[in-house]
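In what follows, a single structure is set out as structure tokens and then discussed.
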Number of protein chains: 2
Amino acid sequence: MTDGTNETPGAPRVPSGQNAGPNSGPNVTLEEIARAAGVSPSTVSRILNGTARVLPEKQRAVEEAIARFNYRPNVLARSLASGRTETIGVLTQAVSSPFYAEWLRGIEEALAEPGFTPIFVSSRWNVVDEKARLEEFVARRVDGIILLHAQLDEPTLTEYSRYAPMLVLGRSVQNGMALAGLPIDNLQGARDATRHLIEQGHREIAFIAGPSNHEDAIERLDGYRSALEEAGIGFDADLVEQGDYLETGGVAAMERLLARRPSLSAVFCANDQTAYGARLTMFRRGVRVPEDVSLVGFDDLPTSSYMTPPLTTVRQPTYEIGRLAAQGIVQMIRKQPVALSPIPLTLVTRETTRRIGPSLSKGDQRA
Amino acid sequence: MTDGTNETPGAPRVPSGQNAGPNSGPNVTLEEIARAAGVSPSTVSRILNGTARVLPEKQRAVEEAIARFNYRPNVLARSLASGRTETIGVLTQAVSSPFYAEWLRGIEEALAEPGFTPIFVSSRWNVVDEKARLEEFVARRVDGIILLHAQLDEPTLTEYSRYAPMLVLGRSVQNGMALAGLPIDNLQGARDATRHLIEQGHREIAFIAGPSNHEDAIERLDGYRSALEEAGIGFDADLVEQGDYLETGGVAAMERLLARRPSLSAVFCANDQTAYGARLTMFRRGVRVPEDVSLVGFDDLPTSSYMTPPLTTVRQPTYEIGRLAAQGIVQMIRKQPVALSPIPLTLVTRETTRRIGPSLSKGDQRA
DNA sequence: TTGTAAGCGTTATCAT
DNA sequence: ATGATAACGCTTACAA
């Protein structure tokens, strides 16, 4: 618990770097650098920020002092004085969801370029938490806010957008210059997936839905339904089961489906995690995919292409969406106009779907 | 691009909440609250922080003013004045890795209790980035640092630990009161997994290794090797293939393995992602799991229990590890002693492993 | 080009 | 119990 590597309490915390002067470390201030270099604090500040040109010799002296003292500007003081934090609050529903991971990566990387730092927090699918996290953003004086699947109502979002420009992913909102939505075309994606199944000859296509209070879950259901109707098959509520976007929900829903409609020939799941669960249930029940039942997911999680067999699903270009969001919020901060068109989704046909005879029923489908 | 919901440029940004006074919003300062409540700024500060008892009537007046103006303390100013940011820098190799996700969740949740906010950043498996991120932590004056799988050498870590207490996950370091490691018993985990395979009658057990510059990858290889030797089977370099902890690496390694040693009866992968890749290759080649070849992974990612068949793997209690790390760093910040014992790993036996005759060779294994 | 000085919004140390 | 007042470390007019 104790060893010689730690500073004496009260003593300045200094690194042991070779160039470390007596007062180096994070406690070195801009003023000390100024004094050491024989210039005024403002000059140091100017050099640090490139705010004005400075005589080369002073420039050198300051840079030398900075290196010698291992000086790092205090971000807090800088932000307090300037009024800018160069920080973007990013609210996810769950940092740990495989689904958000790629979005965050896109956001982080695109934000790094203009020099912004994302602050990731998660609200755990909880509206109360969601509001609390937004309050934190305000308290931290973030320069912008990105919301992934906000559940808060639009008036509330509008209100918070007065503090900092806000971009809402996966949702369409009344766009303003402080509030913008980057909608994702879930309806189209779900319709394409369902059409694909229909084209393959499927007629008895089940759907495992997502949480009914999620905008995108509703859109996906609508897409499924509209493809069915457009093909003249008609919507059959008996073929729809409720899921929760989680694997466990998929397991349970598939069990109910199999019990109620053993004749179904395809299952379309509202997201990949649900499909994973449905897949497990089929494995347990000895239902082969795709020989007995075709399966389609939604999202194209990184692992979906490694499922056995690889999952046919609707791909969301999450990384790219993340980048777009980051670029968008930066533009909003800079008061530049942003044009965000709905993100199109594409079907990725892999190996969980199979063509079946146009009007064959169960008995014949089985390989 | 424009609508009525935005404030006139230059006008104070105020929310339209019902109680919103003329000067509400994030620009309201503690001083204004003090003035409105007829007390001094220090009194407001005391009420906000519970630093001292205040007359009930003033307390009420202040609280009323806070509510009326919708006042939120400026975290930056507070931190600058107090010297504490209540912030923990958390460095991961990749925010988007399914592997880190659960750790982050554990960290975030456990940190919320004592009121700390994590700042997640990723270094993308890049040592240069890793150092840059640490510099950012220093610039942000974080109160503590948690590193997930740091690649930097120990002297460097020790140096940074002088700025803020540092906890390194998945690594053992010279513990001090400002630097501590939370080791994970990879060797034991790998040994248990290999022993399991041996007990099931397997003798020709291949191993797909992780990056050779990763401490944990090396430990896992060592565990595999030691279990083999302990059983008198002996280590056969021909059965070891190089992977990279990613699915693609698993695919390629498995291909080479199958070509070189078609007689192998089991494959142990350095992590689950590698196992996913190996599984796919086997699926492609018509090698059945576990009928033809048994497969074991390492990590127990959330999706592993939904693989087909569910993957036998070594479970890391990542969420709990995250919580432990969070609690540990808070204790270090508070200068309390922390005792971190190595995290034990447990084998989760699912359905990708199968008992085979003690000395049967390939031909007989095939179901 | 460079320096002086006034903030930025808090906390914390003194007195009272 | 409460109020002045001096930091905290930086940016930014305003002067020079």
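All values below come from the heavy atoms of this structure, side chains included, with hydrogens, waters and symmetry mates left out. Order of the sequence lines sets the chain letters (A, B, ...), proteins ahead of strands, with each chain counted from 1.
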Practice task
By nearest nucleotide on DNA chain D, pick out whichever of B:A81 and B:T43 is the more 5' one.
Solution key: B:T43
Exercise for the section: Specify the residue among A:V44 and B:A77 whose closest nucleotide of DNA chain D lies further upstream toward the 5′ end. Expected result: B:A77
Return the nearest nucleotide to the side chain of [X]; candidates are [options].
X     : options                : value
B:L55 : D:dT2, D:dA13, D:dT11  : D:dT2
B:K58 : C:dT1, D:dC10, D:dT2   : D:dT2
A:S45 : C:dT10, D:dT11, C:dC14 : D:dT11
A:L80 : C:dG9, C:dT11, D:dC10  : C:dG9
A:N49 : D:dG9, C:dT10, D:dT11  : D:dT11
A:S40 : C:dT11, C:dC14, C:dG3  : C:dG3
A:T29 : C:dT1, C:dT11, D:dG9   : D:dG9

Problem - Protein-nucleotide distance (B:R84, atom CZ; D:dC8, atom C1'), rounded to Å - result: 12 Å
Problem - d(CD, B:E57; P, D:dT2) in whole Å - result: 8 Å
Handout entry: Contiguous pairing runs of three or more, Watson-Crick or G-U under 3.5 Å, that involve DNA chain D
Key = C:1-16 with D:1-16
Practice task
Would you indicate what A:P73 reaches in the nucleic acid, counting non-hydrogen atoms under 4.0 angstrom: base, sugar-phosphate, or nothing?
Solution key: sugar-phosphate
Practice task
Quick one: label A:S42 by what it contacts on the DNA or RNA (base, sugar-phosphate, nothing), any heavy atom closer than 4.0 Å.
Solution key: base
Problem - Plane angle bin for A:Y100 and A:H149 - parallel if under 30°, tilted between 30 and 60°, otherwise perpendicular - result: perpendicular
Practice task
Could you tell me whether the side chain of B:R72 has a donor or acceptor atom within less than 3.5 Å of a complementary atom in the base of C:dG9?
Solution key: no
Handout entry: Within 6.0 Å of CD in A:E135, more than 12 heavy atoms from elsewhere
Key = yes
